[in-house]
Amino acid sequence: MQAKPKRIQQLITDLSAFTKTPGNGVTRLTYSKEDLQARDYIKQTMQSYGLRVQEDGMGNIYGKLEGKLREAPSVIVGSHFDSVPNGGAYDGAAGVVAGLEVAALFQDNQLTPHYPLEVIAMIEEEGSRFRGLMGSSGITGSIKENTFSEITDADGISVTDAMANAGLDISQPIYRDPSTMRAFLEMHIEQGPTLEESQIPIGVVQSIVGLTQLNVTVIGQAGHAGTTPMDKRSDALIAAAEMISDLPRLAADEGNGSVLTVGQLQVSPNAANVIPDSVNFTIDIRSAQEEHVLNILNQAKELIHSYHNDRIKTNIQQSLYIRPKTLNDHIQSLLSDTCTDLNIASTKMNSGAGHDAMVFSDVTDVGLIFVPSQDGLSHCPEEYTHELDLARGVNVLYETAKQLTEA
Ligand code: HGY
Ligand code: MN
Ligand code: MN
Ligand code: MN
């Protein structure tokens with residue numbers, strides 16, 4: 001039996017209802033009320049699919065289908081279930097649902113794998129609340145539990161406190177020894193136009209860009225908008241605005257597909273009649289080669305510090321740095337061959353988006369496939385992927401997982 005489009009779509013629709021912004025996309029931040037609702041739903045679904053449910057110490061959810069080989073390394077299939085603010089119903093969720101549907105197909109076909117199969121739903125891939133790729137980084141050890149008290153959200157709440165508030169059992173282990181993993185497989189929406197434009201239903205990802213994210217603080221002096229002469233001002237927002245308008249040029253000049261984005265901006269005290277005394281903004285830099293990421297990063301730091309003077313102070317914190325990744329040839333070939341066997345056209349692709357797969361690629365074999373995004377849209381309420389495209393991707397994952405869980 002093959003993947004069931006309606007069963008898949010139902011899960012997508014149900015999950016998308018757990019949002020803080022109904023009618024305006026999916027907003028499901030880590031450890032929020034919406035996270036807890038989605039968490040319960042995912043765990044219930046895993047149980048209904050005959051999986052043994054376990055939640056790790058930071059809230060990553062596992063559903064395990066035991067293999068004939070007890071305590072053998074697992075093939076893990078899944079993605080993240082957090083979202084960007086006002087995001088779409090498919091980013092991350094499609095990969096979690098794909099993992100669930102793969103498990104359902106093992107059940108439908110009464111197939112007991114030799115090696116265990118684990119479905120995973122991870123937290124905080126987007127970094128919309130704390131830090132990008134945080135769930136998978138906890139599992140692989142590239143982020144340590146003793147840093148959780150230092151990582152805080154925009155309201156100053158730490159990961160530690162947020163986990164406690166969410167009622168998580170933080171005594172559960174988080175880190176997984178690589179010997180417990182045979183492979184990690186992820187299906188993700190492409191979030192770009194390539195597959196739709198080329199009319200090819202499956203992308204087999206061969207590499208993922210390197211990326212770094214910075215938090216920049218610009219400090220000036222608050223003052224009265226009406227009584228402070230223009231030549232006596234230390235206006236943090238004007239200084240930040242000049243920096244921000246100058247930054248994109250660095251990526252354009254670097255070329256090679258490099259990109260730079262300023263996505264977040266907070267102004268303090270954010271009042272119409274007060275000269276801003278501080279501004280925080282983020283910088284997201286990406287490129288397929290690490291040298292370009294580093295070039296842009298260094299030039300951005302120089303540019304920002306060039307505004308540092310007796311009136312304006314600047315501070316830069318690096319919140320994320322991950323090197324470009326080339327994914328495992330063996331699994332890429334397996335995925336491409338499976339597409340051929342299923343008579344599905346596929347194409348090799350590079351990813352401009354970061355994914356949990358890039359974190360797992362440090363510790364185990366990894367496969368990542370893309371399915372088409374309508375109009376190439378993502379990170380917005382309009383994000384959409386047709387259920388038949390999702391089902392096709394699941395069939396590829398299922399056949400590949402079958403091979404990887406065989407003796
Ligand atoms: O930012 C990204 O590339 C991903 O959507 N987290
Ligand atoms: Mn994603
Ligand atoms: Mn995303
Ligand atoms: Mn006043």
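When reading the values below, keep in mind they use all heavy atoms of this one structure, side chains included, and skip hydrogens, waters and symmetry mates. Start at 1 and go down the list; that is how both ligands and their atoms are numbered. Predicted, not measured: the structure shown is a model, and the values here were computed from it.
A salt bridge links Arg323 to Glu290: at least one charged side-chain nitrogen sits closer than 4.0 Å to a carboxylate oxygen.
For Phe370 and His355, the gap between ring centers is short of 6.0 Å. Ring centroids of Tyr398 and Phe106 are separated by less than 6.0 Å, placing the two rings close together.
Under the side-chain hydrogen bond (donor to acceptor under 3.5 Å, both in side chains) criterion, Arg39 pairs with Asp35, Glu55, sequence neighbours left out.
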Under 3.5 Å, which donor-acceptor pairs link side chains of residues 291-299 to any protein atom two or more places apart or in another chain?
from, atom 1, to, atom 2, distance (Å)
His292, ND1, Glu254, OE2, 2.7
His292, NE2, Asn256, ND2, 3.3
Asn295, ND2, Glu254, OE2, 2.8
Asn295, ND2, Glu291, O, 3.4
Asn298, ND2, Leu294, O, 3.1
Gln299, NE2, Asn295, O, 3.2

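Cation-pi geometry between Arg182 and Tyr115 is met: under 6.0 angstrom from the ring centre, within 45 degrees of the axis.
No side-chain donor from either of His379 and Asn86 sits under 3.5 Å from a side-chain acceptor of the other. Looking only at atom types and distance, the side chain of Asp56 has no donor-acceptor partner in the side chain of Gln172 under 3.5 Å away.
Of all heavy-atom pairs between Met46 and Ile61, the closest is SD-CG2, 3.7 Å.
Within the protein, the N, O or S atoms sitting under 2.8 Å from the Mn ion (ligand 2) are His80 NE2, Asp91 OD1, His188 NE2.
Nearest to the Mn ion (ligand 3), among the N, O or S atoms that His379 has, is NE2.
Within 4.0 Å of ligand 1, heavy atoms belong to protein residues Glu125, Glu126, Arg286, Ala353, Gly354, His379.
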>> Between Glu125 and Ser136, is the side-chain hydrogen bond (donor to acceptor under 3.5 Å, both in side chains) condition met? List the steps.
In response: CA-CA 7 Å; Glu125 186 275 348; Ser136 46; over 6 Å; no
